[in-house]
Structures are given as C-alpha cells and as structure tokens.
Amino acid sequence: MIHAQGHVPTPEASRWLQRLCHHFSRKIAVRYDEREGHAEFPWGICEMRADGAALHFDCRAQDAQQLARVRFAIDEHVRLFSRKHPLAVQWHACAPAAGSPP
C-alpha cells in the first residue's frame, strides 16, 4: 500500500471531521467520533484525526491512481463544505511503508 498524509489547519477540526464522516457515511462504510474517523472508499482508506489546531488525514491505497482518487474525494469535499471560508488540504509526501513494493 502507498500512503498520503495531509492536514487542514483549523480550530474547528472536530466539527469538520464529523461533518465529512457523516456525509461519507451515506455512501461508504465510516466509523467516527469527535476525534477520529475511518472511511473505507472503494479505492482506499482514509483515517482522520482532529486536534485543537488541525484536521489530519492518513490515506492508503494499493496504487498511485487509487490513492489519487481518495485524495480527490477528500479535497473536493473539504472545498465544497468550506465555500464561505475556504479551506484546503495540505498534502505531504510519505515514504513507502516497510515491505511495500516501490
């Protein structure tokens, strides 16, 4: 599996996590509470974590194309839900996990 990590700086991270997870739960398997979320997209998985300063994303998929689809879903929903006060995910490069093919 390959990984991508990102975050959205916001003091309202818990609210955003719950809003995103509630929306995703209409179409995919999701578990969440005020601080953590787990969304199972058809293309990969996204773990979410809220703290006092940001909403953090840890996304995993089998290949780069599927990971791009997971990231796109996250990016588009963050953009859609934050129209009044635009937010954007800041993605970070991740090293491959041990034992993962290059």
Side-chain angles (χ1 to χ4, degrees):
M1 291 201 123
I2 59 174
H3 293 252
Q5 292 180 329
H7 73 280
V8 174
T10 176
E12 298 179 331
S14 179
R15 182 175 75 85
W16 284 107
L17 180 146
Q18 292 175 72
R19 188 169 181 198
L20 286 167
C21 287
H22 175 75
H23 178 77
F24 292 147
S25 72
R26 295 176 181 180
K27 294 194 176 191
I28 62 172
V30 176
R31 295 185 315 271
Y32 68 98
D33 60 24
E34 299 85 26
R35 294 282 171 214
E36 295 182 352
H38 173 91
E40 295 183 18
F41 293 94
W43 325 283
I45 295 169
C46 185
E47 302 284 345
M48 294 165 259
R49 181 179 51 84
D51 63 27
L55 175 55
H56 303 272
F57 301 96
D58 184 7
C59 302
R60 299 184 305 276
Q62 291 296 323
D63 60 43
Q65 183 178 11
Q66 291 179 338
L67 184 60
R69 291 181 79 179
V70 174
R71 283 180 50 173
F72 179 78
I74 298 297
D75 284 337
E76 285 300 298
H77 284 86
V78 167
R79 184 187 60 77
L80 177 69
F81 291 158
S82 68
R83 284 185 302 237
K84 281 185 174 180
H85 305 286
L87 298 174
V89 180
Q90 299 173 14
W91 293 101
H92 314 283
C94 295
S100 295

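In this chain, residues are counted from 1 in sequence order. We use all heavy atoms of the structure for the numbers below, so side chains are in, but hydrogens, waters and symmetry mates are not.
- Proximity of D75 to W91: side-chain heavy atoms (C-beta onward) are separated by under 4.5 Å at one or more points.
- Under the salt bridge (charged side-chain N to carboxylate O under 4.0 Å, His left out) criterion, the residue pairs touching residues 13-26 are E12-R15, with sequence neighbours excluded.
- Atom-to-atom distance recorded for Q90:CD and H56:NE2 is 11.0 Å, nearest 0.5 angstrom.
- Residues F72 and I28 do not share a hydrophobic cluster, clusters being chains of Ile/Leu/Val/Met/Phe/Trp/Tyr side chains in contact below 4.5 Å.
- Expressed to the nearest 0.5 Å, how far CD of E36 lies from SG of C21 amounts to 10.5 Å.
- Legend: residues meeting ring pair (Phe, Tyr, Trp, His ring centres under 6.0 Å) with H7, ordered by chain and number and at least two apart, are H92.
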Only pairs under 3.5 Å count here: list side-chain donor-acceptor contacts from residues 78-87, not counting sequence neighbours, and write none if there are none.
from, atom 1, to, atom 2, distance (Å)
R79, NE, E76, OE1, 3.4
R79, NH2, E76, OE1, 2.6
S82, OG, V78, O, 2.8
S82, OG, L87, N, 2.9

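- The shortest non-hydrogen separation linking R35 to L17 is O-CD1, 3.8 Å.
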Please report, to 0.1 Å, the donor-acceptor pairs under 3.5 Å made by any side chain of residues 39-50, with sequence neighbours excluded.
from, atom 1, to, atom 2, distance (Å)
E40, OE2, H38, NE2, 3.0
E47, OE1, H38, ND1, 3.4
E47, OE2, H38, ND1, 2.5

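- Residues forming a side chain to side chain donor-acceptor pair (under 3.5 Å) with T10 (at least two apart in sequence, or on another chain): none.
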Can you give each donor-acceptor pair under 3.5 Å made by side-chain atoms of residues 57-71, sequence neighbours left out, with the distance rounded to 0.1 Å?
from, atom 1, to, atom 2, distance (Å)
D63, OD1, Q65, N, 3.1
D63, OD1, Q66, N, 2.8

